[in-house]
Enquirer: 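Would you mind keeping the following structure in view while I ask a few things?
A, B, ... follow the sequence lines: proteins, then strands. Residue 1 opens every chain.
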Amino acid sequence: MSSISAFRVPSVYTRRDMADENELRYDPAAIEPKWQQRWAAEPALYAAEPVDCGKPKYYVLEMLPYPSGQLHMGHVRNYSIGDSLARHMWMRGYNVLHPMGWDAFGLPAENAALKNNTPPRQWTLANIAAMKIQMDRLGLGYDWACEVTTCLPEYYRWNQWFFLRMYEKGLVYRKKSKVNWCPECATVLANEQVVDGCCWRHETTQVDQRDLVQWFFRITAYAQELLDGLDKLDGWPEKVRTMQRNWIGRSEGTDVDFFLEEVQGPGTKGLGTQPTRIRVFTTRVDTIFGATSVQLAPQHELVAAFTAADSKLKAQVDEMIDQQKKAREAGDLGAIEKHGVPTGRFAVNPYNGERVPIWVANYILADYGTGAIMSVPAHDERDFEFATKYGLPITQVIKPTDPAVPQELPFCFEEGVLVNSGAYDGLSCEEAQKRLQEIAERGAFGEPKVTFRLKDWGVSRQRFWGTPIPIIHCESCGLVQVPDDQLPVVLPDQIEITQQGGSPLSRVPEFVNVACPNCGRPARRETDTMDTFVDSSWYFYRYTDAKNANAPFDSEIVKYWFPIDQYIGGVEHAILHLIYSRFWTRVMRDLGLIVNDEPARRLFTQGMVIKDGAKMSKSKGNVVSPDEMVGRYGADATRMYALFAAPPDRDLDWQEDGVAGVSRFLSRVWRLATKYAPVARTGRGQSVGVPTGLSLKLLRKLHQTIAKITLDFEGRWHFNTCVAAIMELVNEIQAADAQLAAGEVPAPVMHELLRSLVLLLAPFAPYLAAELWEELGEEGSILRAPWPVSDPELAKEDELEIPVQINGKLVTVVRVAAGADARAIEAAALAGEKIQMRTAGKTVVKVIVVPGKLVNLVVK
RNA sequence: GCCCGGAUGGCGAAAUUGGCAGACGCAGCGGACUUAAAAUCCGCAGACCGCAAGGUCGUGGGGGUUCAAGUCCCCCUCCGGGCACCA
């Protein structure tokens, strides 16, 4: 349906140009396809230039979408922001790289294959084609020459290549581990992909725990560097940096060995090869004299030794493990009640020789620290709860220095002095920690220790539609790398996707059976594929050199473009994608491929798109289709509304009436510009001279608007107020319509006004801008036209309205010359009639004059 | 529980450095044009009192600093997001 119904031509124009009634209507359905065709025919418009072009570079990147087949409003918002920025930077004369690609591996393609009997590849490529059309319709200016599609062998061969390089460096390893298993996906999930005990893609599907041999990337080797790097990322939102800091979870403390008390008699059986020490991790070694038990995680290796000789204990521990597992699956690990069982064994505190019981407790995590703690109930909430429940002794060993601290257990504070701690009594917590660490190191029963919460990145997936892991299992040679010259290991074409568990690739004999590259004997390919976060960890490097068949990219080209100047995407990727990318960048740096430490200098996280109070999503049934909006109002209006309705970093409430409003505004621009274009054209190339009167007024507003928008593009990014500023400008021009029609403003000024207006609109409404640019008789593409420069002289007001307050309350305003000094302003303020009346008979105690801002009289 | 955000008209929002609160837009109301409607154009519009001139109140709540607070400080409430038995 046509959106903008025909409107009656304004009378002033009807007289002049009756014949062209149709041309007066703003009709995005006509304009937009016309420019799509033209731009498609001229791909160089959006193409990055060679590295030696001599221009400063600007790399603007938006997160690549998963090719589901449909853009959603979140994409529209993300890409509208990025596209406006890219267009602005082009106009500022930068060599802009503005690429787009497809995060094309992943489960939905397999699900679709099951459902429609369409091969994943075909389904994915068809979706890509459809979404590309949507993007083109939106008028997004991408350099399609460097498009990256992660499911194509030309791309994923480099995943494999990187995997092998990392394998050689010891950054890839295999281990049997408890993994998160999503029954729906029938695959393993990374810790980061488990949300509240459920799969991040299937929010109602509980994740199981399974034991599998898995491939891991040793991201923990970079934990400290990833943490330190955050301090320097001042172009990233503090929020994201904080989230990553918490995720990495660095914690400084001490590893301390408690000695396992020797036990004589039958109970010692099975303990023979076990360590005689229990290593605990604590951040509060200063409280160690208050340790009244040692607590082990149920999975701790010593527990297995203890239970081997004690079937009753074993039953209790097994039950505990089972309960923990259930709780983990239900996602409320923190909610289960603390409980434990005594092992009947004792440990000896290395500092004072005190004998404390060893318990197994369900609140001790096997995979954090050493899986064992010393329990100090007087100074830890959890230990206190536990000790109270089981009547374990509670010994206070820290006395608060601050008398305001309530005298109640447990005492959880760090400001205090030691008591009941033998030779260390009287030391501050901080000093005591240092001293106790020294003693431990000297006595070889402990040392300072930094622990991270971050775990290694499990990348194995038992799925078909992902990058095959380039490893061959040979019975004689063990794990053998696929030689580089045999890459890529290509996914087989013919495959039957079923819902059976295990890797689909393992059921394809042609894929699995292979000769060992080492000994030539029959061997088996690895059938796990890689997590799709591998694909998105480095795709933005590939953009710079997407066709390279010999290397993932040319280092020199990457050196030119990196780091990314501006990365834009949703905050939901704050941890997963953005931490993996930072890791990958460092790995590539250490492989000598790149020189930058961080992928992106600046990161911008846009807010969510909300409708009727909830995030737009299929499950909520509140989805607005971009196609529908574009069909009804045009791409320009849709995009501009996405920028106008809220600042980009905040959530955006989608209201269709608002899109209609923006569309009305664009119609107004259209009418105004087409009406005065004939006059403006005659003023092309002529100087505006020294404008006065209405000309000056309008040019002043114009130059103020240019200044405002230019400033916003430089970092503040309040595009909502940029659009508002353009609206104000248009309102002001339109308010002068009668005078303009009467010819009060000379042609060169009309030209300057309309030309600049169109330039200001170009980043936000490229179709309309291009059309009007042509209408104004301008040559060349508006895309490469220089961004207008604000003339500060013209922008300056020559008279200001200064509010005058009495005791902080507004009474009146006075007009003064713009440069007026404090004395002149004060005089003008005091001379005002209303001020005279209000101050009559009273004393003006004080006069505050802020030149250019206001006057406040303090009156008694 | 801890760590981030946020709260301003009927609605989306603005106020860039402490200086006229509500720009811009939506919805609404009045008018012009029209046989009529739509579209368009012009105007009104925070709340309360008042015929008006004008006055009082007003940025989630309470306190404070200041000539002046949406903005700074302290305390609290609610909403959103992240983390959560991390020793």
Side-chain angles (χ1 to χ4, degrees), chain A residues 4-11 25 237-247 249-251 253 280-284 295 324 327 332-338 361-365 367-376 380-383 385-386 451-453 571-572 574-575 607-608 610 615 641 644-647 649-662 664-665 667-668 671 708 711-712 715-716 718 720-728 731 734-735 737 801-813 845-848 850 852-859:
Chain A
I4 319 296
S5 359
F7 65 89
R8 193 163 282 273
V9 180
S11 54
R25 206 170 121 245
E238 192 53 53
K239 179 180 166 175
V240 171
R241 295 200 279 169
T242 305
M243 280 163 74
Q244 292 209 356
R245 270 187 204 108
N246 292 340
W247 191 261
R250 185 193 143 103
S251 162
V280 303
F281 174 69
T282 176
T283 55
R284 293 298 304 273
Q295 304 286 346
Q324 237 183 17
D332 56 357
L333 203 57
I336 58 177
E337 200 192 331
K338 287 176 191 31
N362 68 343
Y363 70 99
I364 309 305
L365 304 173
D367 58 358
Y368 183 78
T370 59
I373 64 153
M374 62 178 199
S375 176
V376 185
D380 180 281
E381 234 172 281
R382 294 155 304 176
D383 295 345
E385 190 186 329
F386 191 88
T451 298
F452 293 94
R453 204 191 76 111
V571 74
E572 65 273 21
I575 312 182
M608 290 186 298
I610 303 281
K615 183 182 165 152
Y641 174 73
F644 176 63
D649 56 330
R650 285 226 248 158
D651 287 351
L652 180 152
D653 191 72
W654 194 271
Q655 298 184 1
E656 190 170 333
D657 285 341
V659 191
V662 171
R664 273 200 289 274
F665 164 70
S667 294
R668 225 156 40 233
R671 281 195 301 274
K708 187 246 173 319
L711 188 65
D712 256 301
R716 204 176 73 125
H718 280 200
N720 55 331
T721 62
C722 289
V723 175
I726 299 174
M727 286 172 169
E728 281 188 55
N731 289 349
Q734 185 168 286
D737 189 46
E801 283 195 343
I802 303 289
V804 183
Q805 301 177 331
I806 290 180
N807 296 333
K809 285 189 182 174
L810 180 71
V811 173
T812 186
V813 293
V845 184
K846 196 173 173 188
V847 182
I848 290 114
V850 185
K853 288 285 186 195
L854 63 38
V855 177
N856 188 15
L857 308 175
V858 185
V859 171

Enquirer: Given B:C67, B:G25, B:A87, identify the nucleotide with an atom nearest to the side chain of A:Ile364.
Expert: B:A87
Enquirer: Please report the closest heavy-atom contact between A:Met608 and A:Asp651, naming both atoms and the distance.
Expert: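 Here A:Met608 and A:Asp651 meet closest at N-OD1, 2.8 Å.
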Enquirer: Reading RNA chain B from 5' onward, which residue's closest nucleotide shows up sooner: A:Tyr363 or A:Glu728?
Expert: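 Here A:Glu728 is the residue nearer the 5' end.
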Enquirer: Holding to salt bridge (Lys or Arg N to Asp or Glu O under 4.0 Å), I want the full list of residues that pass it with A:Arg245, two or more places apart in sequence or in another chain.
Expert: A:Asp231, A:Glu238
Enquirer: Could you list the protein-to-nucleotides 11-14 of chain B atom pairs, N/O on both sides, closer than 3.5 Å?
Expert:
{"residue": "B:C11", "atom": "O2'", "partner": "A:Gln655", "partner atom": "NE2", "Å": "3.0"}
{"residue": "B:G12", "atom": "O2'", "partner": "A:Ala645", "partner atom": "O", "Å": "2.7"}
{"residue": "B:A13", "atom": "O3'", "partner": "A:Asn720", "partner atom": "ND2", "Å": "3.4"}
{"residue": "B:A14", "atom": "OP1", "partner": "A:Asn720", "partner atom": "ND2", "Å": "2.8"}
{"residue": "B:A14", "atom": "OP2", "partner": "A:Arg650", "partner atom": "NH2", "Å": "3.0"}

Enquirer: So, for A:Ser251 and A:Tyr368, which heavy atoms are closest and what is the spacing to 0.1 Å?
Expert: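 Nearest pair, atom of A:Ser251 first, then A:Tyr368: CB-OH, 3.5 Å.
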Enquirer: Between B:U40, B:C85, B:U16, which nucleotide has the shortest distance from any of its atoms to the side chain of A:Lys338?
Expert: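 Ranking B:U40, B:C85, B:U16 by closest atom to the A:Lys338 side chain puts B:C85 first.
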Enquirer: Taking only residues two or more places apart in sequence, or in another chain, which ones meet A:Phe644 in a ring pair (Phe, Tyr, Trp, His ring centres under 6.0 Å)?
Expert: none
Enquirer: Checking understanding here: a glycosidic angle within 90° of 0 is syn, the rest anti, so what is B:G9?
Expert: syn
Enquirer: Salt bridge (Lys or Arg N to Asp or Glu O under 4.0 Å) with A:Lys239: which residues, sequence neighbours excluded?
Expert: none
Enquirer: Nearest to the A:Gln734 side chain among B:C26, B:C83, B:C41, which nucleotide is it?
Expert: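 Looking only at side-chain atoms, A:Gln734 lies closest to B:C41.
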Enquirer: Can you see which heavy atom on A:Phe281 is nearest to which on A:Thr370, and at what distance?
Expert: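 Minimum heavy-atom contact is N-OG1, 3.4 Å.
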Enquirer: Would A:Val811 and A:Gln805 count as a side chain to side chain contact (heavy atoms under 4.5 Å, CB included) if you check the C-alpha gap in whole Å, the side-chain angles of each, and the deciding distance to 0.1 Å?
Expert: CA-CA 5 Å; A:Val811 173; A:Gln805 301 177 331; 5.9 Å; no
Enquirer: Examine B:U66: is either OP1 or OP2 under 4.0 Å from a nitrogen or oxygen in the side chain of A:Asn856? Give yes or no.
Expert: no
Enquirer: Do you know which two heavy atoms are closest between A:Thr721 and A:Lys708, and how far apart they sit?
Expert: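 Minimum heavy-atom contact is OG1-NZ, 2.9 Å.
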Enquirer: Can you tell me which nucleotide in B:C83, B:A21, B:C41 comes closest to the side chain of A:Arg453?
Expert: B:C83
Enquirer: Please determine if a side-chain N or O atom of A:Arg245 lies less than 4.0 Å away from the OP1 or OP2 oxygen of B:C83.
Expert: no
Enquirer: What is the distance, to the nearest angstrom, from the CD1 atom on A:Ile848 to the P atom on B:C67?
Expert: 7 Å
Enquirer: Choose from B:C67, B:C57, B:G25 the nucleotide whose nearest atom is closest to any side-chain atom of A:Lys809.
Expert: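 Shortest atom-to-atom distance from the side chain points to B:C57.
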Enquirer: Take A:Val847 and A:Val855 through the side chain to side chain contact (heavy atoms under 4.5 Å, CB included) test and state the conclusion after the steps.
Expert: CA-CA 7 Å; A:Val847 182; A:Val855 177; 4.1 Å; yes
Enquirer: Go nucleotide by nucleotide along RNA chain B from the 5' end; which of A:Gln805 and A:Ala724 gets its closest nucleotide reached first?
Expert: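 Nearest nucleotide further toward 5': that of A:Gln805.
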Enquirer: If I take atom NZ in residue A:Lys846 and atom C1' in nucleotide B:C67, what distance separates them, rounded to the nearest angstrom?
Expert: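 Those two atoms, NZ and C1', are 5 Å apart.
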Enquirer: At their closest point, which heavy atom of A:Phe386 faces which heavy atom of A:Ala361, and how far apart are they?
Expert: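 Heavy-atom minimum between the residues: CE1-CB, 3.8 Å.
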Enquirer: Check this one for me: any side-chain N or O of A:Arg664 less than 4.0 Å away from OP1 or OP2 of B:C26?
Expert: yes
Enquirer: Which atom names give the shortest non-hydrogen contact between A:Val858 and A:Ile848, and what distance separates them?
Expert: CG2-CD1, 4.0 Å
Enquirer: Can you pull every protein N or O that's under 3.5 Å from an N or O on nucleotides 3-5 of chain B?
Expert:
none

Enquirer: RNA chain B: stems of at least 3 consecutive Watson-Crick or G-U pairs, cut-off 3.5 Å?
Expert: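 Correct response: B:1-7 with B:77-83, B:10-12 with B:24-26, B:28-32 with B:40-44, B:46-49 with B:54-57, B:60-64 with B:72-76.
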Enquirer: If only side-chain N and O atoms of A:Arg668 are considered, is one of them under 4.0 Å from the OP1 or OP2 phosphate oxygen of B:G25?
Expert: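 Looking at the OP1 and OP2 atoms of B:G25, one of them is under 4.0 Å from a side-chain N or O of A:Arg668.
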Enquirer: Of the nucleotides B:C20, B:A87, B:G19, which one has an atom closest to the side chain of A:Pro803?
Expert: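 In terms of side-chain proximity for A:Pro803, the closest of B:C20, B:A87, B:G19 is B:C20.
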